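Here is the structure we will look at.
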Amino acid sequence: MIRTALTMLVGDRAKFLGIVFGLAFASLLITQQAAIFRGVMVLVYGHVTDTPQVDVWVSDPGMPDFDTNDMINERELDVVRGVEGVRWAVPLNRRVLYTRKPDNEISPIMVMGIDDGSLIGAPLPEAMVCGSVDDLRRPNTVIIDEHSAATKLAVEGPDGVLKPMQVGDRLRANGTDIEVVGICRSTLALMLYPTAYMLRSQCSQLDASSDQSFNFILVGLAGGADPAATCARIDAATGLSARTSADFCRHVYDFFLYKTGIPANFGIAVLLGFVVGAAIAGQTFSQFVSDNRRTFASLKAMGMRNGRLAGILLVQAVASALVGYGLGVGAATLFGVALAGTDLSFRLEPELMAFSFVSVLVISIGAALVSLRSVVRLDPALVFRS
Amino acid sequence: MADEPPIRLRGVVKSFGSGSSEVHALRGINLDISAGELFMLVGPSGCGKTTLISVVAGILRHDQGEVRLFGEDLSRMSDRCKSDFRARHVGFVFQQFNLVPTLNVQENVAITLQIGGQSRRRAMDRAAETLDQVGLGDRLGAMPSALSGGQQQRVAIARSIIHDPSILVCDEPTSALDHEKGRQVMELLRAIAIRPGRALIIVTHDNRTYKFSDRIATMEDGYIVRFVRRRFDPESVDDAPAQPAGPPAGMAAITALAAAH
Ligand SMILES: Nc1ncnc2c1ncn2[C@@H]1O[C@H](COP(=O)(O)OP(=O)(O)OP(=O)(O)O)[C@@H](O)[C@H]1O
Ligand SMILES: [Mg+2]
């Protein structure tokens, strides 16, 4: 009966396309919006994942998110270095600097002021597109991210054509020319400001407001040290807040998830996809069933049981769901491919695809169940009425 | 019980609605239908013919009286039981054919056997054979919309007999067709639908089809008012209208006839 059910459904081309369109729409919107949401949400802790050699991040206990925090001083850094289980601890100074591009346009950049000695916090060698991290040891130098080099930091030539910023180009900050000595990939690149790496000393020199303080301490643990216990010891010794990299990511993530409008905005889009898709698919499905009243009544008269009829509707619902989902996720993937290299970030994870599939299945089976009621109530004696 | 006919109705009453809008569609039907003959049910519009065959086919519950099909009391059967009974023992032919528009001819015919639980492959094979019998062996893959009305009704007939039902009910099988197509359908029914163990009931308006019957019951206003036994004569089929059933009898005659039967 499965084949018969499918032939029946596909044979009514207009309705079939309507149902599939509704489901594909829902699947596309749910998948695409959720993938962008996930894409944005992994950016917020991008610098943590870009520096995997760091085990523990220490910051001000009042810090709600990565960008808002208070200063930490040298004395606290020394205390952390003395805590049991800590192998090394280095400062990271994060600052927004206003710079002037060669074409005279002003551009803010987010500077990672990394430890002069160890260079921990700088891009990993595999993330370097050109130039070398060691060049940062030369005075007045900076490494910028590849994406921003081609977009926000692109330089307008005399001919009016935008050209990506390159190694050798200069940015002017606080009256000092700084030279671009490297281009790197950075997860943070897709956030608001271009990401730039320079030595902490260099950063302090350029930022008039800055004293010798900084905003993070990056910690490497001694072999065998218990991360949670070490974090607790750092907290107790300094009054700061130490978190393992994973906890730190979660902390930043939770801030955006619970304290900003971002999830609500995406949530509304996802809900809209669900509701509109359900309306289109549900409406078309019940139209399909109601157009086939006579057929269903005939099948009932001919002795088909309600269970079997329900089976037919279910097969039709699941088949529509599969096709609609396939089209929707396919379209979402194309969308993601088209987005690659733009400011929008897109992350299509298996869980998300499962979520989208379940949503589409819920819509289509829901539609089938609603229609099933009318089929079950259908009077087989209808067959003799014209 | 040995001489009980396949279909026996006693005092069958069926009304629709209630109060002032109540319609008495069947007012006490007594009727025996034997197997192996073509039984025709005629009468004016609204007299209850469709209601009667719906009850006999087990798709409509009657209010009072007894309906026995092959010795089984219909009112004792559950809905599910009746479904299974219909799947196995009842065939239907409708005025409007009621083919599934999105299935091809062969699939439409096979569906009867699939409802009865047979595999698609076997059902499709049998459907091809049965369609051959009704002269459509070369149109297996056609969609119903590509066929003429007469051809669609032949498909419907194939669908109704493929499972060798004990009861075959046809409601106005010729009224959507022109005279010639109607005649062909009646000839086909006579040729392949009459079986020794099968009760064949045809409801019709069309007095040109009376000549194909073995027995005619005339209904009026929820009663059967007259039975006429004919002797089917294959030679008469091409002739002018056969003997009509005659003018309606009075109420007294009705009861006398019904009781006598
Ligand atoms: N489901 C129903 N609800 C209400 N009234 C009904 C229903 N079915 C039939 N009737 C009424 O019962 C009466 C008998 O109807 P039925 O369809 O059996 O007549 P019929 O002899 O088949 O007529 P026709 O030749 O026009 O098909 C009619 O008055 C009809 O209006
Ligand atoms: Mg009728």
Side-chain angles (χ1 to χ4, degrees), chain A residues 1-20 284-285 287-313 315-317 319-320 323 371-373 375-386, chain B residues 14 16 49-55 57-61 79-104 107-108 110-117 119-121 123-124 143-145 156 159-160 163 165 169-172 175-176 203:
Chain A
M1 226 47 187
I2 290 181
R3 201 148 144 211
T4 307
L6 295 180
T7 318
M8 246 178 102
L9 174 70
V10 178
D12 189 345
R13 198 145 304 161
K15 298 286 181 338
F16 178 60
L17 289 180
I19 297 165
V20 164
T284 318
F285 200 87
Q287 191 62 49
F288 168 74
V289 170
S290 121
D291 283 1
N292 281 291
R293 268 167 64 88
R294 198 157 261 283
T295 294
F296 286 119
S298 303
L299 295 178
K300 272 179 105 155
M302 288 160 67
M304 188 178 281
R305 289 190 191 166
N306 281 331
R308 204 90 180 276
L309 283 166
I312 288 184
L313 289 184
V315 165
Q316 291 170 339
S320 313
V323 177
S371 303
L372 180 62
R373 273 166 43 114
V375 171
V376 166
R377 287 191 189 150
L378 204 59
D379 180 5
L382 176 87
V383 286
F384 284 135
R385 311 259 159 240
S386 38
Chain B
K14 174 71 188 176
F16 295 104
K49 305 180 296 292
T50 296
T51 306
L52 180 53
I53 59 163
S54 299
V55 168
I59 57 175
L60 187 66
R61 199 178 278 285
D79 278 351
R80 199 190 175 109
C81 220
K82 276 199 263 187
S83 277
D84 293 350
F85 181 85
R86 292 198 302 270
R88 229 164 303 131
H89 300 299
V90 184
F92 293 88
V93 177
F94 311 103
Q95 179 178 349
Q96 297 299 335
F97 326 132
N98 288 7
L99 300 177
V100 183
T102 48
L103 298 184
N104 70 27
E107 289 165 334
N108 260 290
I111 213 166
T112 308
L113 293 179
Q114 290 181 276
I115 291 174
S119 73
R120 180 182 161 92
R121 178 191 294 259
M124 290 292 273
M143 299 310 280
S145 56
R159 179 179 67 178
S160 72
H163 57 319
V169 292
C170 313
D171 195 12
E172 315 257 11
S175 31
V203 167

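It should be emphasised that the depicted structure is a prediction, and the values quoted were computed from it without experimental measurement.
- Here the shortest heavy-atom pairing between B:R86 and A:A301 reads NE-O, 2.6 Å.
- Heavy-atom neighbours of A:L17 CG from other residues, nucleotides or ligands within 6.0 Å: above the threshold of 12.
- The CG atom of B:D84 sits 12.0 Å away from the CE atom of A:M304 when rounded to the nearest 0.5 Å.
- Counting heavy-atom pairs closer than 4.5 Å to chain A, the top residue among B:A87, B:G58, B:G91, B:A57 is B:A87.
- The closest side-chain heavy-atom distance from B:L60 to A:F384 is not below 4.5 Å.
- Ranked by non-hydrogen atom pairs under 4.5 Å with chain A, the options B:R120, B:E107, B:K82 are led by B:R120.
- Interface residue A:D379: only side-chain heavy atoms are found under 4.5 Å from chain B.
- Of the listed residues A:K300, A:R3, A:R13, the one with more heavy-atom pairs under 4.5 angstrom with chain B than any other is A:R3.
- Note that the CG atom of B:N98 and the CE atom of A:M302 stand 10.0 Å from one another [nearest 0.5 Å].
- Using a 4.5 Å cut-off between heavy atoms, B:R159 touches chain A through its side chain atoms alone.
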For a side chain to side chain contact (heavy atoms under 4.5 Å, CB included) check, start with the C-alpha distance between A:R385 and B:T50, then their side-chain angles and the critical distance, and finish with the verdict.
CA-CA 8 Å; A:R385 311 259 159 240; B:T50 296; 4.1 Å; yes
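- Heavy atoms closer than 4.5 Å to chain A are found nowhere in B:V90, neither backbone nor side chain.
- For B:V55, no part lies near chain A; criterion is any non-hydrogen pair under 4.5 Å.
- Contact of B:Q114 with chain A is made through backbone and side chain together, with heavy-atom distances under 4.5 Å.
- Across all their heavy atoms, A:G11 and B:T102 have their closest contact at C-CG2, 3.3 Å.
- To the nearest 0.5 angstrom, B:I111 atom CD1 is 5.0 Å from A:L299 atom CG.
- Within the 4.5 Å cutoff, the side chain of A:T295 has heavy atoms near those of the B:P101 side chain.
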